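Heads up, the thing below is written out as structure tokens.
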Amino acid sequence: MSKRALKLSEEGAHLSAKQSKKHWSLGLLDSMKDPDLIYKETERVVIIRDKYPKAKIHYLVLPKDNITNIYKLEKEHVSLLEEFGELFKSIQAEYKSHILNAGFHAAPSMLRLHMHIISKDMVSPCLKTKVHWNSFTTTFFKPYKDILEELKENGFIKKMENDVHKSLMATPLKCNQCNYVPKNMPQLKDHLLSHE
DNA sequence: GTTCTAGAAC
DNA sequence: GTTCTAGAAC
């Protein structure tokens, strides 16, 4: 995330005189208010459909409180995170025939803490790049349970080193359901259909 | 995060 | 010649 985006988030996303459009990294704040995207809502939490789903089922779970990302979490947020877990359970119960994963990106691009709930098929026209793939299928994707445990244990989430992040994004493509190693993204996307 | 597209890869 | 990836976007 750029320094500029961070500054915007800290200042409450106001617009400067010269700036006509909000920075793209603030997009989730608008999506959270979009009735067409909202799937479910509680006192503390909003669940939206991802605008560019990377699998057949792809939701985002976000707090209404202004928590920027996982690295701003503290012990006091454990109960909020436990609600995330309950909401994940209820969605998994709703989609009995699908396997869903819940987790957070180690270095999210978009502001406002958001937990992905995503089906393992990874079949979607919006899944296009190696970075898309590796952000959900490598350890860049931090499972919900791991984050909850780490927060309970340490009271904060340890940042991923930049070089680790870079090498995870450069990981060669590999199927998330078998040992198939595709040559490129189109080949991977074709292959994923064979698991359907 | 997405879009666009130059030029690498095939 | 076409497909595919990767970097810029003021």
Side-chain angles (χ1 to χ4, degrees), chain A residues 1-34 36-39 46-64 66-72 84 101-119 122-142 144 147 157 159-160 162-176 180-194:
Chain A
M1 181 187 305
S2 70
K3 282 176 188 169
R4 164 142 195 87
L6 272 174
K7 193 160 194 294
L8 282 170
S9 75
E10 285 159 5
E11 291 171 358
H14 78 269
L15 301 176
S16 71
K18 283 185 181 175
Q19 196 180 18
S20 59
K21 276 185 181 175
K22 289 179 191 172
H23 192 271
W24 56 262
S25 64
L26 300 168
L28 287 180
L29 304 183
D30 288 330
S31 296
M32 286 176 74
K33 297 173 196 157
D34 184 346
D36 293 339
L37 293 178
I38 294 175
Y39 168 74
V46 180
I47 305 179
I48 60 175
R49 290 183 292 104
D50 193 296
K51 225 171 164 179
Y52 299 91
K54 304 303 187 293
K56 287 183 174 176
I57 301 161
H58 190 180
Y59 292 103
L60 300 178
V61 183
L62 311 99
K64 291 182 179 176
N66 182 17
I67 304 170
T68 301
N69 56 45
I70 49 173
Y71 305 109
K72 294 283 161 55
F84 280 24
N101 292 308
F104 302 82
H105 284 161
S109 300
M110 307 288 278
L111 300 182
R112 184 57 59 91
L113 176 69
H114 56 281
M115 180 176 80
H116 295 270
I117 294 179
I118 185 165
S119 55
M122 301 300 282
V123 170
S124 166
C126 298
L127 179 78
K128 295 175 177 176
T129 69
K130 182 184 224 178
V131 167
H132 288 157
W133 182 256
N134 283 335
S135 70
F136 287 101
T137 60
T138 68
T139 55
F140 185 81
F141 188 78
K142 306 187 91 176
Y144 161 74
I147 291 292
I157 304 301
K159 275 191 182 162
M160 175 174 280
N162 240 313
D163 56 341
V164 176
H165 173 192
K166 278 174 72 178
S167 80
L168 285 174
M169 291 302 97
T171 304
L173 298 174
K174 182 184 175 306
C175 179
N176 64 331
Y180 178 68
V181 175
K183 274 204 173 64
N184 52 37
M185 282 303 294
Q187 210 169 93
L188 172 58
K189 287 171 70 68
D190 276 347
H191 169 78
L192 289 169
L193 297 175
S194 74

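All heavy atoms count here, side chains included; hydrogens, waters and symmetry mates do not. Remember, predicted model here, so these are calculated numbers, not experimental data. Protein chains get the first letters and strands the later ones, always in sequence-line order, with residue 1 at the start of each.
With rounding to the nearest 0.5 angstrom, the CG atom of A:Asn134 is 11.5 Å from the NZ atom of A:Lys174. The line from CG of A:Leu192 to OG of A:Ser194 is 7.5 Å long, rounded to the nearest 0.5 Å. One finds the NZ atom of A:Lys189 at 9.5 Å from the CH2 atom of A:Trp133 (value rounded to the nearest 0.5 Å).
Using a cut-off of 4.0 Å between Lys/Arg side-chain N and Asp/Glu carboxylate O, A:Asp34 and A:Lys51 are scored as not salt-bridged.
Helical stems in DNA chain C, defined as runs of 3 or more consecutive Watson-Crick or G-U wobble pairs with both donor-acceptor distances under 3.5 Å, are listed by first residue as B:2-10 with C:1-9.
Here A:Tyr52 and A:His132 keep their ring centres 6.0 angstrom or further from each other. Taking the six-membered ring for Trp, A:Phe84 and A:Tyr144 have ring centres at least 6.0 Å apart.
Among the protein residues, A:Lys54 comes within range of the sugar-phosphate backbone only, with heavy atoms under 4.0 Å from sugar or phosphate atoms but none that close to a base. Here A:Lys51 lies out of heavy-atom contact (under 4.0 Å) with every strand. Within 4.0 Å of A:His132, counting heavy atoms only, lie sugar-phosphate atoms of the nucleic acid but no base atom.
With a 6.0 Å radius and a threshold of 12 heavy atoms from other residues, nucleotides or ligands, A:Lys159 has its NZ atom at or below the threshold.
When DNA chain C is scanned in the 5' to 3' direction for atoms under 4.0 Å from non-hydrogen atoms of chain A, the outermost contacting nucleotides are C:dC4 to C:dT5.
Residues A:Gln187 and A:Asp190 fail the side-chain proximity criterion, which asks for heavy atoms closer than 4.5 Å.
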